[in-house]
There are 2 protein chains.
Amino acid sequence: MSGTRRRPPGSTDVARLAGVSQKTVSRVMNGEPYVSDEIRERVLAAARELGYRRNTAARALNLGRFHRIGVVSLGSALYGPATQLIELERRARAIGYAFSVVHTLEGDEGGVARAMESLLEQGVDGIVLSDPIDGGQEPRIDPGVPVLSLGPLPGPSGPDVIVHRPSNEDAGREATEHLLGLGHPTVWHVAGPERWWASRDRVRGWRAALAAAGAPEPPLLAGDWTPASGYAAGRALAANPDVTAVFVANDDMAIGVLHALAEAGRAVPGEMSVVGMDDIPAAAYLAPPLTTVRQDFAASAAQGLARLVDRIEGRQDAPAPDVPTTRLVTRRSTRPYRP
Amino acid sequence: MSGTRRRPPGSTDVARLAGVSQKTVSRVMNGEPYVSDEIRERVLAAARELGYRRNTAARALNLGRFHRIGVVSLGSALYGPATQLIELERRARAIGYAFSVVHTLEGDEGGVARAMESLLEQGVDGIVLSDPIDGGQEPRIDPGVPVLSLGPLPGPSGPDVIVHRPSNEDAGREATEHLLGLGHPTVWHVAGPERWWASRDRVRGWRAALAAAGAPEPPLLAGDWTPASGYAAGRALAANPDVTAVFVANDDMAIGVLHALAEAGRAVPGEMSVVGMDDIPAAAYLAPPLTTVRQDFAASAAQGLARLVDRIEGRQDAPAPDVPTTRLVTRRSTRPYRP
DNA sequence: GATCATGTTGACTACGTAGTCACACGGGAG
DNA sequence: CTCCCGTGTGACTACGTAGTCAACATGATC
């Protein structure tokens, strides 16, 4: 039916209706001073009547800025990344920026560079790299806009790269210290994929806690965040009678670990303590309810974005406030070590 | 440091370097015919040298279209919605559209209307309403662009509203029929929130299957998609010895139900069969592994978006192909009824 | 040899907004 | 009374792209 999409009204249309110049409409819409109250009212009324909306394209063309933040995310429905994305969007909108996401595909070499290119093509003022970066091939494209990396970017960081590291390392340390504090001689770790920052940082925290306590460092097991990979790691752990405490890098893998241990007849927490990470909503309803580390994604997103926007708008970016944003949630999958 | 953001090169810069007119550069960048190979090469080389990228803002201003799809999503990290969002983005990018999401807050009255307004302000050619709509207050703003609703929109649908209903009803029917087919006298249902389309459609499918089999319809239990709400429903079900089969509207709630049943000492599937929905990655690793219905979000997103883009680009939209896109995944939480 | 289709290129212009600058008005300072 | 300044308003213009139309070359057709 309504095949002809009518041209939306512009500031000139509003101006004509209000009997003022286009420039005055622009002033009113931008809340500039030096407009009399009477005219302001008249313009606003005309705008309301016509259903006027500023044309972003024209605005962006004129100002040279898009007021848009782009995010490169690994396309996964994992709880952690999904939550982070939602918080980033909320935060961006709160400070007046639109929000674009591009998902790469796991295992897609060079996918990050292509995703960034795609964002630059659609027009963004800044880019957030939210998840992993390709292993060897760092994406050496010149973005021409500031980039916020939520993990340590390999290679020499350009002048426009901001690295904001969420508190994954603290989280790993906290989980490990909890288990050591319960008297376990050491703590095993089921990590995420090597190429994820979050994964590497959690490993780092685990190592640091072990070293600080003088505990021996067991070999590292690694999964891919999925319950299936946790299950595989869990079978290996179940077969080793020395294991009494495990820190699993996310709750999904912990589900797989718990399943494997139950299958092998190793009681949790009777024989083995397990700590997860993320505090997914299901964590409290597993068998047994899972002790886990929760991260405050909202705070982290706000901090990171604030730094990026400071850079975009040419302000000196304040040093990261660096308040710790993790919290251990104790449930029934851990208990003191009894030989 | 690099505080001054240099103006990015434009088509005129490329034209100057290549010794042609700006218009010719435009032609080359758009792959138009009637450009000699020699000039095409020269322009491409110049563009590469300068790092030229078309300016979306200018393009959008000139063409009157943004090549951007906006999505209003309820901000939850639930597996189903998150997966749907990712697939929508993939699909949109595949057909040359950029992608903007705005998350509303659960329980935010009028949030959908505000989210749509926010999308229109940033400039989109079409809007997808991906999750629920506010109960009574339908968002009667005039978007001026086509709207794709992934569920039945209340009230008189404007000429620009396309309703594309994913196969939630089929899914509900399939789950219920599976349990009836195992001989259970009837099937109980733990639904999602009333205001979600997905929830209402699954209920409809459940009802239809019961009616078709002549089975009595037990009272409806409702949760809010969370394991916690599933746990509450599970306690109620556990207390009722008549219950032998339950269809839970998503896997997260099913986790809560399983937990409640285990706590109450009701064996699954020994005394009670449970079917979930979504096939979250953890489903196979629960105790017991969960029988569930999987939806093909990729296909559904592709179909819906295709219709929306047809409308945006002024084509007659083809009728929905309507291939079924659900599949029952049988695991160990269901078994034949034995009185 | 004039005509004409076809291929190739460029000049000019519109798109809607906001920055720059100019101007008009009124009142207080000199 | 004049000068100047703060306030309020509008004319003109740039932003980068692509549509329109004109110009021109080439080679085929009548």
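The basis for the numbers below is simple: all heavy atoms, side chains too, and nothing from hydrogens, waters or symmetry mates. Order of the sequence lines sets the chain letters (A, B, ...), proteins ahead of strands, with each chain counted from 1.
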Rounding to a whole Å, what distance do you find between B:E32:CD and C:dT6:P? 19 Å

Among the nucleotides C:dG16, D:dA18, C:dT17, whichever has the atom closest to the side chain of A:R7 is C:dG16

Interatomic distance where CG belongs to A:L63 and C1' belongs to C:dT20 [whole Å]: 14 Å

B:V35 side chain: which of C:dC15, D:dG19, C:dT9 is closest? C:dT9

Let me confirm one number: the CZ-CG distance from A:R90 to A:L305, rounded to the nearest 0.5 Å. 13.5 Å

Could you give the CZ-to-C1' distance, from B:R59 to C:dA14, as a whole number of Å? 16 Å

Heavy atoms under 4.0 Å, any strand shown: does B:T24 hit a base, just sugar-phosphate, or nothing? sugar-phosphate

Decide yes or no, distance alone: a donor-acceptor N/O pair under 3.5 angstrom between the base of D:dA18 and the side-chain of B:Q22. yes

Distance, nearest 0.5 Å, that separates CZ of A:R311 from CD1 of A:I162: 4.5 Å

Can a side chain N or O of B:S36 be found less than 4.0 Å away from OP1 or OP2 on C:dG7? no

How long is the line joining CG of A:N55 and P of C:dA14, in whole Å? 17 Å

Scan A:R27 against the nucleic acid and name what it touches under 4.0 Å (heavy atoms): base, sugar-phosphate only, or nothing. base

What distance do B:S73 atom OG and B:Q84 atom CD have between them, rounded to the nearest 0.5 Å? 8.0 Å

Does the side chain of B:R54 get closer than 4.0 angstrom to OP1 or OP2 of D:dA18 through an N or O atom? yes

Just the rounded figure in Å: distance from P of D:dG8 to CZ of A:R42. 15 Å

Between C:dG16, D:dG10, D:dA18, which nucleotide has the shortest distance from any of its atoms to the side chain of A:S21? D:dG10

Please determine, for the side chain of B:Y34, which listed nucleotide (C:dG7, D:dC12, C:dG16) has the closest atom? C:dG7

Any idea which of C:dG19, D:dT17, D:dG19 is nearest the B:K23 side chain? D:dG19

Which whole-number value in Å describes the distance from B:M29 CE to D:dA18 P? 9 Å

Determine, stepwise, if the pair A:S300 / A:T325 fulfils side-chain hydrogen bond (donor to acceptor under 3.5 Å, both in side chains). CA-CA 7 Å; A:S300 170; A:T325 54; 5.7 Å; no

Here's a test for you: under side chain to side chain donor-acceptor pair (under 3.5 Å), which of B:Q122, B:R68, B:E89 qualifies with A:S100? B:R68

Distance from A:M116 atom CE to A:T104 atom OG1, nearest 0.5 Å? 12.5 Å

Side chain of B:V20 - closest among C:dG10, C:dG16, C:dT9: C:dG10

Out of C:dA18, D:dG10, C:dA14, minimum distance to the side chain of B:N62 belongs to C:dA14

Can you tell me how far P of C:dG7 sits from CG of B:D37, to the nearest Å? 13 Å

With the side chain of B:N30 defined as its heavy atoms from C-beta on, choose the nearest nucleotide among C:dA18, D:dT9, D:dA18. D:dA18

Regarding the side chain of B:L61, the nearest nucleotide among D:dA18, C:dA18, C:dG16 is C:dG16

Provide, to the nearest angstrom, the distance between the CD atom belonging to B:E121 and the C1' atom belonging to C:dG16. 16 Å

Just checking A:E38: base, sugar-phosphate only, or nothing, at a heavy-atom cut-off of under 4.0 Å? nothing

